[in-house]
Amino acid sequence: MMKWMKATFGALGAAALLTTVACGSTTEPAGNTQGAKTGTDITVKDNTNTSVYQNFKLEKIDKLPNMRGIAWLSESSIVTDKENTSMKPVSVEGEERYPHNLYMYDLTKGADTPLIESEVSLGAPQVSPDGQHLFYWQTEEATGWPFILNLKSGEAVAAGKEDGFVQEGAWLDNEHVVFSNMKGDLISAALDGTTKVLVETGNFNVRSIKVTGNMIYYITGEDGQLNTYDAKTGEVKQVLKSVEWVIPSNDGTRLAIVKRTADTKRALVLTDLEGNEKATLARGTQIFGTSWSGDDSKIAYTINSDKDNEKGLFVSNTESAEQFQISAEMDNVADSLAWSPQGNKILLSQSVMENEKYHFVTSIITISE
């Protein structure tokens, strides 16, 4: 399997396993055990870096078992993925497994309501900037078919007729979403489901699709080529190589880039839009889940490392590059981390093994400055 696929499944391994299982497949994605933890207890360890403690404080960690929290709908509600036990289960190796569907979970009431139900598994939801629509995938192992859901009417439309890799895609604006198909074409889909090809990359492994303003960032090839596409001019540019993930700042002035520095070494760096490095925030074996806070003052991410004081969930100040370790136990995540609208909570999901079975645990981490 190619390096980028290994890296992806290292982060999403057990999560992908759960989705795969729900779809009735008996194939286990590579690296699934890396993304799992045994048990659900979270250990919060002291960080002796006093200069960091002057900037960040961990208030609490609330855990929500048996659900995969992915995105915020409001300060008090999140989009979740969990088994829908009201649907007909599929028997796999003598075990009944239910499809994964999408829900809205109210953090205040502690209750959820379905956003969309289906006899097949749904996943990888992304909320539009105005909160009116949801882009998601009807999944089949690591691939699937894209859909757009109207959150008010509950009506969903297929975003074209071509399949693609689950987890890939981003909202270009409130009315268009961008994703890649299996041929490696960069596709734009409107709310009514009509699509058009933006870029024919000629490389089927298009990944890490991100949007800021009119610019679409995406990575191609085993060499980790970072590219940009200008949605206004149609111009394509090549920026950097050896890039595994790209995460633009919300104001569109900087990039957070996870780059490969050696076979088993990664670095999280801040760059300008041309890829010129400005600061290094972290190093580790793998770095996953990177997410800017709404005001771009902080970045949250997880690090895989052999040393407890260098692994787990971290928050860094993007101006001073000071780093705060939240928990050494949160070193594998299922999805990108998500900051709440007010910027004082982080949504994180992990796949854990308990009683010889995988399930998701969602954590809501509250911090203060």
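Given the structure is predicted, the values throughout are model-derived calculations rather than measurements. Counting from 1, the numbers follow the sequence of the chain as shown. Just so it is clear, the values below take in all heavy atoms, side chains as well, and ignore hydrogens, waters and symmetry mates.
In this structure, the side chain of Glu274 does not engage the main chain of Val239 through any donor-acceptor pair within 3.5 Å. Using modelled atom types, one side-chain atom of Glu75 and one backbone atom of Gln342 make a donor-acceptor pair closer than 3.5 Å. The backbone N or O of Ile365 sits nowhere less than 3.5 Å from a side-chain atom of Ser363 that would complete a donor-acceptor pair. A donor-acceptor pair under 3.5 Å links the side-chain atoms of Thr201 to the main chain of Gly184, judged by distance alone. A side-chain donor-acceptor contact under 3.5 Å links Asp296 to the backbone of Asn250.
When the salt bridge (charged side-chain N to carboxylate O under 4.0 Å, His left out) test is applied to Lys298, the partners found at least two apart in sequence or on another chain are Glu369. Under the side chain to side chain contact (heavy atoms under 4.5 Å, CB included) criterion, Met182 pairs with Thr143, Asp163, Phe165, sequence neighbours left out. Contacts of Glu83 classified as side-chain hydrogen bond (donor to acceptor under 3.5 Å, both in side chains), with partners at least two apart in sequence or in another chain: none. When the side chain to side chain contact (heavy atoms under 4.5 Å, CB included) test is applied to Thr366, the partners found at least two apart in sequence or on another chain are Glu59, Lys60, Asn344, Lys345. A search for ring pair (Phe, Tyr, Trp, His ring centres under 6.0 Å) contacts involving Phe135 returns Trp137, Phe179, not counting sequence neighbours. When the ring pair (Phe, Tyr, Trp, His ring centres under 6.0 Å) test is applied to Tyr103, no partner is found at least two apart in sequence or on another chain. When the side-chain hydrogen bond (donor to acceptor under 3.5 Å, both in side chains) test is applied to Asp106, no partner is found at least two apart in sequence or on another chain. Qualifying salt bridge (charged side-chain N to carboxylate O under 4.0 Å, His left out) partners for Glu119, counting only residues two or more places apart in sequence or in other chains: none. Taking Asp295 as the reference, nothing meets the salt bridge (charged side-chain N to carboxylate O under 4.0 Å, His left out) condition, with sequence neighbours excluded. Scanning for side chain to side chain contact (heavy atoms under 4.5 Å, CB included) contacts around Thr85 gives Tyr98, with sequence neighbours left out. In this view, Ser316 and Leu281, Tyr301, Gln323 satisfy the side chain to side chain contact (heavy atoms under 4.5 Å, CB included) rule, not counting sequence neighbours.
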**OP:** Show your reasoning for whether side chain to side chain contact (heavy atoms under 4.5 Å, CB included) applies to Thr228 and Ile216.
**Re:** CA-CA 6 Å; Thr228 63; Ile216 301 172; over 6 Å; no
Original post:
Going through the distances and angles, do Ile287 and Thr302 end up as a side chain to side chain contact (heavy atoms under 4.5 Å, CB included)?
Top reply: CA-CA 6 Å; Ile287 300 174; Thr302 65; over 6 Å; no
Original post:
What do the steps show when you test Trp245 against Val243 for side chain to side chain contact (heavy atoms under 4.5 Å, CB included), and what is the final call?
Top reply: CA-CA 6 Å; Trp245 316 102; Val243 178; 5.9 Å; no
Subject >> Verdict with reasoning, Ser297 to Thr318, per side chain to side chain donor-acceptor pair (under 3.5 Å) >> reply: CA-CA 5 Å; Ser297 67; Thr318 59; 5.8 Å; no
**OP:** Output, in order, the C-alpha distance, side-chain angles, deciding distance and verdict of side chain to side chain contact (heavy atoms under 4.5 Å, CB included) for Leu115 and Leu134.
**Re:** CA-CA 9 Å; Leu115 289 173; Leu134 193 73; 4.2 Å; yes
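The shortest distance between side-chain heavy atoms of Leu149 and His133 does not fall below 4.5 Å. No side-chain heavy atom of Thr280 sits under 4.5 Å from any side-chain heavy atom of Leu268. Taking 4.5 Å as the limit, some side-chain heavy atom of Leu347 sits within range of a side-chain heavy atom of Trp72.
When every heavy atom of Val127 is checked against every heavy atom of Val79, the shortest pair comes out as CG2-CG2, 4.0 Å. Pairing each heavy atom of Lys210 with each of Ala170, the nearest pair is CA-CB, 4.3 Å. The two residues Gly193 and Val157 have their closest heavy-atom pair at N-CG2, 4.1 Å. The two atoms that bring Ser291 and Trp339 nearest to each other are O-NE1, 3.0 Å, heavy atoms only. The shortest non-hydrogen separation linking Ile364 to Leu64 is CG1-CD1, 4.3 Å. Contact detail for Thr195 and Ala189: the closest heavy-atom pair is CG2-CB, 3.8 Å.
Taken together through direct or relayed side-chain contacts under 4.5 Å among Ile, Leu, Val, Met, Phe, Trp and Tyr, Leu313 and Trp292 form part of one hydrophobic cluster. With hydrophobic clusters built from ILVMFWY side chains whose heavy atoms lie under 4.5 angstrom apart, Leu73 shares a cluster with Leu122. A chain of hydrophobic side-chain contacts below 4.5 Å, direct or via other Ile, Leu, Val, Met, Phe, Trp or Tyr residues, connects Ile257 to Tyr217. The hydrophobic cluster containing Val246 does not contain Tyr229, counting ILVMFWY residues as joined when their side-chain heavy atoms lie under 4.5 angstrom apart, directly or transitively.
Each side chain to side chain donor-acceptor pair (under 3.5 Å) pair with one or both residues in residues 175-184, not counting sequence neighbours, appears once here: Glu162-Asn181, Asp173-His176, Asn181-Asp185.
Asn101 and Glu117 share no donor-acceptor pair across their side chains, judged by distance under 3.5 Å alone. No side-chain donor-acceptor contact under 3.5 Å links Asp230 and Asn214. Defined by atom type and a distance below 3.5 Å, a donor-acceptor pair is missing between the side-chain atoms of Thr285 and Thr264. Under 3.5 Å, the side chains of Thr220 and Gln225 contain no donor-acceptor pair of N or O atoms.
Counting non-hydrogen atoms of other residues, nucleotides and ligands closer than 6.0 Å to CD of Glu95 gives a total above 12. For Asp192, the CG atom sits in a packed shell: over 12 heavy atoms of surrounding residues, nucleotides or ligands are nearer than 6.0 Å.
Separating the CZ atom in Phe360 from the OG atom in Ser349 is a distance of 7.0 Å, to the nearest 0.5 Å. Atoms CD and CD1, on Gln325 and Ile303 in that order, are 8.5 Å from each other to the nearest 0.5 Å. Going from atom CD1 of Ile148 over to atom OG of Ser128 covers 9.5 Å, rounded to the nearest 0.5 Å. The distance from the CG atom of Asn150 to the CD1 atom of Ile116 is 11.0 Å, given to the nearest 0.5 Å. Between atom CD1 of residue Ile346 and atom OG of residue Ser293 there is a gap of 9.0 Å, rounded to the nearest 0.5 Å. Taking CD of Gln350 as the start and CG of Asn332 as the end, the distance is 7.5 Å to the nearest 0.5 Å.
Results of the side-chain contact (heavy atoms from CB on, under 4.5 Å) test with Lys241 over Ile219, Asp223, Leu226 single out Asp223 as the only residue that passes. No option in Lys259, Lys265, Arg260, Arg207 other than Arg260 meets the salt bridge (charged side-chain N to carboxylate O under 4.0 Å, His left out) test with Glu244.
Salt bridge Arg254/Glu319: present, at least one basic N to carboxylate O contact under 4.0 Å.
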